[in-house]
Trainee: 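One structure is given below, represented as structure tokens, and several questions about it will come after.
First listed ligand is number 1; within each ligand, the first listed atom is number 1.
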Amino acid sequence: MQTKLDQLQAEFLAQLAEAQALLNEAADQAGKQAEELRIAFLGKKGRFAELMVGLKDLGNEEKAQVGKGVNQLKELVTNSISDLSQKAQTAIADLAVRSQWIDISLNPYQEEPGSLHPVSLMHLKLEEIFEAMGFTIYDGPQVETDHYNFEALNFDPHHPARDMHDTFFFKGGRLLRTQTSTIQIRAMEKLKPPFRIIGSGKVFRCERVDASHDACFHQLEGMMVDKDISVANLKHFMQVMLSGIFESEVKVRLRPGYFPFVEPGFELEMACLICGGEGCAVCKRVGWIELLGCGMVHPNVLRAGGIDPEEYSGFAFGMGTDRLAMMKYGISDIRPLHSGDLNFSRLFSAATHYRLG
Ligand code: PHE
């Protein structure tokens with residue numbers, strides 16, 4: 001009987017060693033063999049069951065002795081099989097992980113903080129400044145009619161000032177707005193004086209592209225209508241706006257300028273912030289920088305907007321915000337501004353947080 005036990009042990013260890021050898025290369029196979037070994041040795045009709053049958057015929061003393069040996073071997077077999085099957089499972093899982101190739105060293109939180117475009121930053125800043133002064137924000141479409149872009153703004157059909165706006169026309173007479181002054185007209189249709197509005201967005205002119213011109217650029221427009229509005233009010237608001245943008249006391253002056261929808265009309269200039277008015281390369285030695293068009297709203301425009309010019313007066317202004325952003329952020333060429341290059345916008349990310357955070 002003892003010999004039988006020894007043989008069985010030798011047999012088991014040999015088969016176990018075979019199965020263990022598969023762990024590295026064919027873990028699923030090793031797993032299967034563990035199950036087969038369990039059935040072959042520990043199953044109902046397995047080798048141990050067979051042994052027990054022989055045990056029956058032994059004398060009591062021998063039975064006790066052999067029984068002890070059987071139990072020891074059974075324990076060894078049970079433990080070895082469960083060890084093998086566990087190792088096989090781990091190896092199968094390892095293999096699955098390796099074959100799926102999950103690179104856990106990659107940082108999942110690759111945050112690239114977004115940044116607003118310098119022109120958007122300029123618009124946000126301007127909106128903040130004007131909202132604080134009681135202005136409401138208005139909007140208008142980019143595809144316009146002749147009425148809103150020209151006629152209601154006092155450009156007669158053959159007015160020579162139309163030539164100053166190299167306009168993109170669509171078939172059928174619609175056009176891409178050449179100025180945000182269209183928003184003045186749209187606001188007047190909806191509002192009763194007194195009111196203060198600003199509106200901004202893209203405008204289009206058929207320009208040859210160079211360092212300071214693009215066929216699409218941005219403007220911000222403002223209009224204030226009330227009783228007894230004068231050029232002094234206009235100048236004051238412009239001064240507050242520019243001091244807000246450039247975060248320093250800004251000196252402005254008005255020179256005559258012509259726009260059909262204002263009378264009198266002005267070009268507003270700002271004392272150069274680099275040289276303080278002395279004259280330098282930035283202001284082309286003049287000491288002043290031309291910034292925007294403005295003036296007192298023409299009576300014809302007020303009338304076209306349903307406002308009685310005998311009772312009310314108003315000022316309006318409009319400016320290119322690309323240029324303003326270029327001055328504020330020290331950008332010397334308009335082209336990267338419109339290139340869609342995200343790396344360019346990221347240069348301004350530090351400035352982005354002022355209103356969003
Ligand atoms: N719309 C004018 C332009 O594009 C600017 C302007 C606006 C001038 C309002 C006067 C009043 O040049």
Side-chain angles (χ1 to χ4, degrees), residues 119 122-123 126 130 135 137-142 144-156 159-168 175-188 195-207 212-226 229-231 233-239 241-242 252-270 289-302 304-305 307 309 312-324 334:
V119 172
M122 182 50 70
H123 284 208
L126 284 163
F130 279 104
F135 282 69
I137 300 172
Y138 259 72
D139 204 359
Q142 292 174 7
E144 271 293 9
T145 59
D146 186 274
H147 172 77
Y148 286 104
N149 199 76
F150 291 123
E151 210 169 332
L153 285 160
N154 206 29
F155 290 78
D156 285 338
H159 199 295
R162 285 177 179 244
D163 290 346
M164 283 155 39
H165 295 235
D166 299 303
T167 313
F168 288 109
L175 49 87
L176 287 174
R177 70 177 175 202
T178 59
Q179 51 185 345
T180 44
S181 301
T182 53
I183 297 174
Q184 292 181 24
I185 306 298
R186 290 187 174 273
M188 279 192 290
F195 62 81
R196 307 169 183 198
I197 59 112
I198 55 164
S200 65
K202 289 187 180 359
V203 298
F204 305 84
R205 292 192 195 176
C206 190
E207 302 254 11
S212 48
H213 295 91
D214 207 339
C216 167
F217 53 100
H218 301 82
Q219 281 191 340
L220 185 132
E221 191 85 8
M223 186 186 212
M224 176 172 180
V225 176
D226 205 336
I229 296 294
S230 70
V231 176
N233 298 117
L234 166 65
K235 200 172 169 190
H236 166 77
F237 277 95
M238 296 301 96
Q239 199 139 18
M241 165 183 85
L242 292 170
V252 299
R253 73 177 188 191
L254 298 173
R255 298 179 57 204
Y258 178 71
F259 305 95
F261 39 96
V262 284
E263 181 57 38
F266 307 102
E267 299 279 1
L268 181 137
E269 297 183 339
M270 174 180 95
I289 295 176
E290 207 177 273
L291 268 192
L292 56 89
C294 56
M296 303 309 292
V297 184
H298 196 289
N300 287 350
V301 176
L302 288 174
I307 296 168
Y312 290 101
S313 54
F315 68 72
F317 65 93
M319 61 195 169
T321 44
D322 304 76
R323 261 195 78 208
L324 218 51
I334 197 170

Trainee: Determine, step by step, whether Q184 and E221 satisfy the side chain to side chain donor-acceptor pair (under 3.5 Å) criterion, reporting the C-alpha distance in whole Å, the side-chain angles of both residues, the deciding distance to 0.1 Å, and the verdict.
Mentor: CA-CA 8 Å; Q184 292 181 24; E221 191 85 8; 2.7 Å; yes
Trainee: I'd like to know if E267 and R255 make a salt bridge, using a cut-off of under 4.0 Å between side-chain N and carboxylate O.
Mentor: no
Trainee: Among residues at least two apart in sequence or on other chains, which ones pass side-chain contact (heavy atoms from CB on, under 4.5 Å) with D226?
Mentor: P194, I229
Trainee: Are there any protein N or O atoms under 3.5 Å from the N or O atoms of ligand 1? List them with distances, or say none.
Mentor:
| residue | atom | partner | partner atom | Å |
| --- | --- | --- | --- | --- |
| ligand 1 | 1 (N) | Q179 | OE1 | 2.8 |
| ligand 1 | 1 (N) | S181 | OG | 2.9 |
| ligand 1 | 4 (O) | R205 | NH2 | 3.0 |
| ligand 1 | 4 (O) | Q219 | NE2 | 2.9 |

Trainee: Measure from NZ or CZ of R186 to the centre of the six-membered ring of Y148 and say whether it is under 6.0 Å with the direction within 45° of the ring axis.
Mentor: yes
Trainee: Any side-chain heavy-atom pair from R205 and Q179 closer than 4.5 angstrom?
Mentor: yes
Trainee: Take D214 and K202, measure what salt bridge (charged side-chain N to carboxylate O under 4.0 Å, His left out) needs, and give me the verdict at the end.
Mentor: CA-CA 11 Å; D214 207 339; K202 289 187 180 359; over 6 Å; no
